[in-house]
Amino acid sequence: MGKYDADKYKEQLLFHAFDSMPGGVLIYKANEEEEILYANHATLTIFECDSFDEFMELSEGSFKKMVHPDDIELVESDIENQIITGIDKFDHVNYRIITKNNKVRYLEDYGKLVEHPELGLLYYVFLVDTDIKYLTYDVDKLTGLPGQKRFDEYATRLLKLMSINKDAPEMVYIYLNISHFKIINIKYGIERGDRILKEVASILKDTFKNDYISRFADDHFALLTVHEGIKEKIESVSRRIMDIELIGNTIELKIGAYLVTDYNEKAEISVGYAQIACESIKYQAGEHFIYYTEELGRKINLQYYVVNNIEKAIEKGYIKVFYQPVIRALTGELCGMEALARWIDPEVGFLNPYDFISALEDARLIHKLDRYIVEEVCKNYKRCVENDIPLVPVSFNLSRLDFVLTDIRKEIDDLAVLYNVPKKMLNIEITESMFMEDASRIKSQIDGFHESGYNVWMDDFGSGYSSLNVLKDFDFDELKIDMVFLSNFNKKSKDILESAVMMAKKINIQTLAEGVENKEQFEFLRSIGCEKIQGYYFSKPSPYEEIIKNCEEKGAVVEELSESEYYDRVGKVNFLTDKPLAISEDDGKHFRIFFANELFSEILRDSGVQSVEEAERNMNNPDNPIHKMLREFAVRVQENEEKEMTYPYGKEYMELEARVIAELNGRYMYALSINNITKNVNMKEKI
């Protein structure tokens with residue numbers, strides 16, 4: 001055999017070896033036309049061609065035409081740069097191709113520039129179909145989906161390839177989590193749980209046919225897809241998954257999405273953002289789909305900071321207790337305060353209370369904050385006693401988790417004893433939402449607090465869906481009416497507020513309205529008999545002594561502790577009566593009218609008294625005949641000898657009815673009703 005035949009035989013052996021290789025092999029000339037000389041069977045398979053002739057027709061016999069037209073310019077430039085700068089004449093590039101069946105695939109290209117003695121400079125290229133490359137490892141045995149490592153590598157490479165194309169579509173990472181899947185496993189069994197995972201995987205593959213889907217672990221799935229039309233696809237997936245047969249339950253998804261902004265960013269980072277978005281709605285009923293945003297990222301980072309620094313913040317005193325005043329509507333006196341947590345951090349500045357409280361609740365660390373607040377309140381009480389600073393009762397909020405994570409009643413009792421704080425100085429606020437779970441435990445704790453001598457308030461009354469049920473089943477001393485009723489202050493909200501106050505009085509519960517921001521709201525609440533008022537109309541939350549100082553500067557006297565029960569008894573009076581009503585106090589020397597409804601004022605005006613203030617002056621004027629009559633009448637009313645008095649006023653006769661509603665150290669509070677007898681008789685005669 002001659003030399004030429006031997007070389008030809010070697011070449012045939014080489015081509016046979018190429019055809020046996022699992023990856024594609026391509027040989028093309030390194031000239032301007034980039035003429036293709038050879039493609040092995042694997043290359044034909046990648047391009048979905050049945051023969052070399054089909055492949056040559058598809059590629060027009062040129063490497064330039066084989067590569068996606070949007071990628072070729074950058075690919076050739078990259079190859080040239082690598083060949084020129086390298087010493088071994090190797091290159092490694094990525095690009096897209098379009099198969100005979102019009103599918104887009106992504107290839108890795110490992111090439112070497114070789115000089116052939118007869119044909120000149122040739123590129124010997126090894127092609128790897130990215131899809132095929134990753135079929136050999138990291139596969140979830142249950143669903144057949146790729147695992148997390150494979151997904152991260154594929155998605156990173158895919159987006160890097162897409163970054164070549166300026167017209168590449170917007171891409172989005174999706175992270176899916178099945179709500180309460182552990183409970184499903186426990187209730188229905190592992191085998192049923194596995195079948196559900198397989199069904200979910202099947203639905204995802206059917207909906208996202210041309211996309212890359214992965215099962216990360218447990219009930220967590222991820223995918224990378226085109227952003228356009230994503231919401232419709234997600235809705236379809238959610239509906240189909242909810243239709244999976246599961247007796248007594250439906251399967252719900254929590255889905256986070258991250259819109260890709262940097263195509264060169266590693267997938268593990270980008271999909272992590274989608275996961276963060278998904279986890280942010282984990283406990284939010286009714287929320288199923290959310291995009292990751294910078295604001296959400298900031299919030300999550302802040303949550304991590306809060307969880308990792310709560311103990312340090314408590315130890316260093318970064319968390320301060322601010323107080324918001326509670327004003328007695330009848331008298332305008334300061335009768336209480338609410339303790340509120342304010343975290344002022346030297347590193348991150350002022351933290352929004354909602355952010356750090358929700359973060360601590362999610363991390364089941366809220367009891368640390370709540371115990372700290374109670375102790376600070378107790379310390380403040382002791383300091384006020386020692387420094388002769390005015391005292392008012394203080395309320396504070398407890399979380400549902402306080403009752404789960406610790407014996408909160410014992411802790412409060414221990415702190416009260418340690419700092420010698422009377423139980424009546426500590427009011428416990430519990431939000432309505434706490435009763436949605438573990439109601440029996442909460443009820444037992446409320447009963448225990450009452451037995452220990454504390455008052456328990458229902459906070460945010462009206463903010464949820466079961467306020468009346470909660471009132472029916474639990475005992476409260478006071479309702480804090482949610483500020484939502486004041487945010488849209490119209491006739492309907494006023495009617496609801498009137499009904500709430502009237503109902504509370506009927507079942508012997510005090511009322512406090514929070515969120516009061518202006519005089520109109522205050523005057524309305526006062527007129528319907530709401531007993532206490534809290535809100536920015538009086539003061540924003542501030543340090544304790546600053547509140548005391550501000551109130552004193554505005555003429556708001558601090559209510560004496562001994563007066564609380566006295567005024568509380570007055571608060572039981574229904575101001576919404578259809579009869580003329582006034583509330584008046586007698587200290588033995590002076591009469592004071594605290595309140596008069598419109599009907600009472602109207603009767604006064606008809607009799608010639610133009611205002612409540614004028615009536616009060618007449619009552620206290622020794623030279624006015626009405627003064628002596630009222631003073632004598634008051635004594636008889638106090639001794640329960642008489643309830644009504646008829647007296648002349650000008651040419652008319654008036655009837656005054658009075659009853660004692662509260663008494664304290666010689667001070668008497670009366671509920672008064674007035675009637676113009678002369679006018680009523682004349683009206684009857686006309687009829």
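All figures in this text were calculated on a predicted structure; none of them were measured in a lab. The residues of the chain are indexed from 1 along the displayed sequence.
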What are the two closest heavy atoms between [X] and [Y], and how far apart are they?
| X | Y | result |
| --- | --- | --- |
| C530 | I533 | SG-CD1, 4.2 Å |
| V558 | L391 | CG1-O, 4.1 Å |
| N427 | P393 | ND2-CB, 3.8 Å |
| E361 | S399 | OE2-OG, 3.3 Å |
| R409 | G448 | CD-C, 3.4 Å |
| F322 | R342 | CG-CG, 3.7 Å |

Requested in this report: Kindly confirm or rule out a cation-pi arrangement of K299 over Y354, judged by NZ or CZ under 6.0 Å from the six-membered ring centre and within 45° of its axis?
Outcome: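 Judged by the rule (NZ or CZ under 6.0 Å from the ring centre, within 45° of its axis), K299 is not positioned above Y354.
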Requested in this report: Evaluate the side-chain contact (heavy atoms from CB on, under 4.5 Å) criterion for residues T646 and I677: first the C-alpha distance (whole Å), next the side-chain angles of each, then the deciding distance (0.1 Å), finally the verdict.
Outcome: CA-CA 9 Å; T646 301; I677 299 174; 3.7 Å; yes
If you round to the nearest 0.5 Å, how far is [atom2] of [Y] from [atom1] of [X]?
| X | Y | atom1 | atom2 | answer |
| --- | --- | --- | --- | --- |
| L672 | L630 | CG | CG | 9.0 Å |
| Y647 | L656 | OH | CG | 5.5 Å |
| S542 | L340 | OG | CG | 10.0 Å |

So, the side chain of [X] versus the backbone of [Y]: is there a donor-acceptor pair under 3.5 Å, distance only?
| X | Y | answer |
| --- | --- | --- |
| E616 | I593 | yes |
| S452 | Y454 | no |
| N597 | L581 | yes |
| Y372 | I319 | yes |
| N620 | F591 | yes |
| E523 | K519 | no |
| R569 | E663 | yes |
| K572 | K505 | no |
| R592 | E585 | no |
| T406 | D402 | no |

One thing to verify: whether [Y] and [X] come together as a salt bridge, which I'm taking to mean a side-chain N less than 4.0 angstrom from a carboxylate O.
| X | Y | answer |
| --- | --- | --- |
| D413 | K423 | yes |
| D568 | R328 | yes |
| E498 | K491 | no |
| R371 | E375 | yes |
| D447 | K443 | yes |

Are the side chains of [Y] and [X] in contact, using a 4.5 Å heavy-atom criterion?
| X | Y | value |
| --- | --- | --- |
| C335 | E531 | no |
| F524 | K494 | yes |
| V516 | L525 | yes |
| S238 | H288 | no |
| L426 | Y381 | no |
| I412 | C378 | no |
| H367 | D370 | no |
| L415 | V421 | no |

Requested in this report: Determine whether the side chains of D586 and Q638 contain a donor N or O and an acceptor N or O closer than 3.5 Å.
Outcome: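 Checked: D586/Q638 side chains pair up, N/O donor to acceptor below 3.5 Å.
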Query - Modelled atom types, side-chain donor and acceptor of E652 and N676, under 3.5 Å - result: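 Yes, a side-chain donor-acceptor pair sits under 3.5 Å.
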Query raised in the report: Just one of Y567, F575, F600, Y670 clears the ring-ring contact (aromatic ring centres under 6.0 Å, His included) bar with F595, so which one?
Result: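 Option passing the ring-ring contact (aromatic ring centres under 6.0 Å, His included) with F595: F575.
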Whether over 12 other heavy atoms sit under 6.0 Å from [X] [atom1]:
| X | atom1 | value |
| --- | --- | --- |
| E294 | CD | no |
| Y653 | OH | no |
| E565 | CD | no |
| H180 | NE2 | no |
| D495 | CG | yes |

Query raised in the report: Under the side-chain contact (heavy atoms from CB on, under 4.5 Å) criterion, do I583 and I661 qualify, and how do the steps go?
Result: CA-CA 9 Å; I583 303 296; I661 52 177; 4.1 Å; yes
Query - Criterion side chain to side chain contact (heavy atoms under 4.5 Å, CB included) against M654, the qualifying member of T678, I674, V609 - result: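 Of all the options given, the one that passes is I674.
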Query raised in the report: Among L398, D477, N455, which residue meets the side chain to side chain contact (heavy atoms under 4.5 Å, CB included) test with I428?
Result: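 Only match with I428 under side chain to side chain contact (heavy atoms under 4.5 Å, CB included): L398.
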Query raised in the report: Applying the salt bridge (Lys or Arg N to Asp or Glu O under 4.0 Å) test to K532, which of E338, E559, E478, E333 qualifies?
Result: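 Option passing the salt bridge (Lys or Arg N to Asp or Glu O under 4.0 Å) with K532: E478.
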Query raised in the report: What residue pairs, at least two apart or across chains, pass ring pair (Phe, Tyr, Trp, His ring centres under 6.0 Å) with a residue in residues 323-345?
Result: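 Those involving residues 323-345 are Y323-Y544, W343-F356.
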Report task. Might you work through the side-chain contact (heavy atoms from CB on, under 4.5 Å) test for V501 and I481, ending with a clear yes or no? Result -> CA-CA 9 Å; V501 170; I481 300 172; 4.2 Å; yes
Query raised in the report: Which residues pass the salt bridge (Lys or Arg N to Asp or Glu O under 4.0 Å) test with R298, sequence neighbours left out?
Result: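 In terms of salt bridge (Lys or Arg N to Asp or Glu O under 4.0 Å), with neighbours along the sequence ignored, R298 is linked to E295, D355.
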Report task. Could you walk me through whether Q534 and L512 pass side-chain contact (heavy atoms from CB on, under 4.5 Å), step by step? Result -> CA-CA 7 Å; Q534 178 183 343; L512 185 159; 3.7 Å; yes
Report task. Apply the test salt bridge (charged side-chain N to carboxylate O under 4.0 Å, His left out) to residues E376 and K379: give CA-CA distance (whole Å), side-chain angles for both, the deciding distance (0.1 Å), then the verdict. Result -> CA-CA 5 Å; E376 289 300 297; K379 284 181 179 178; 3.5 Å; yes
**Report entry** With F289 via ring-ring contact (aromatic ring centres under 6.0 Å, His included) - residues at least two apart
**Finding:**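 Applying ring-ring contact (aromatic ring centres under 6.0 Å, His included) to F289 gives Y291.
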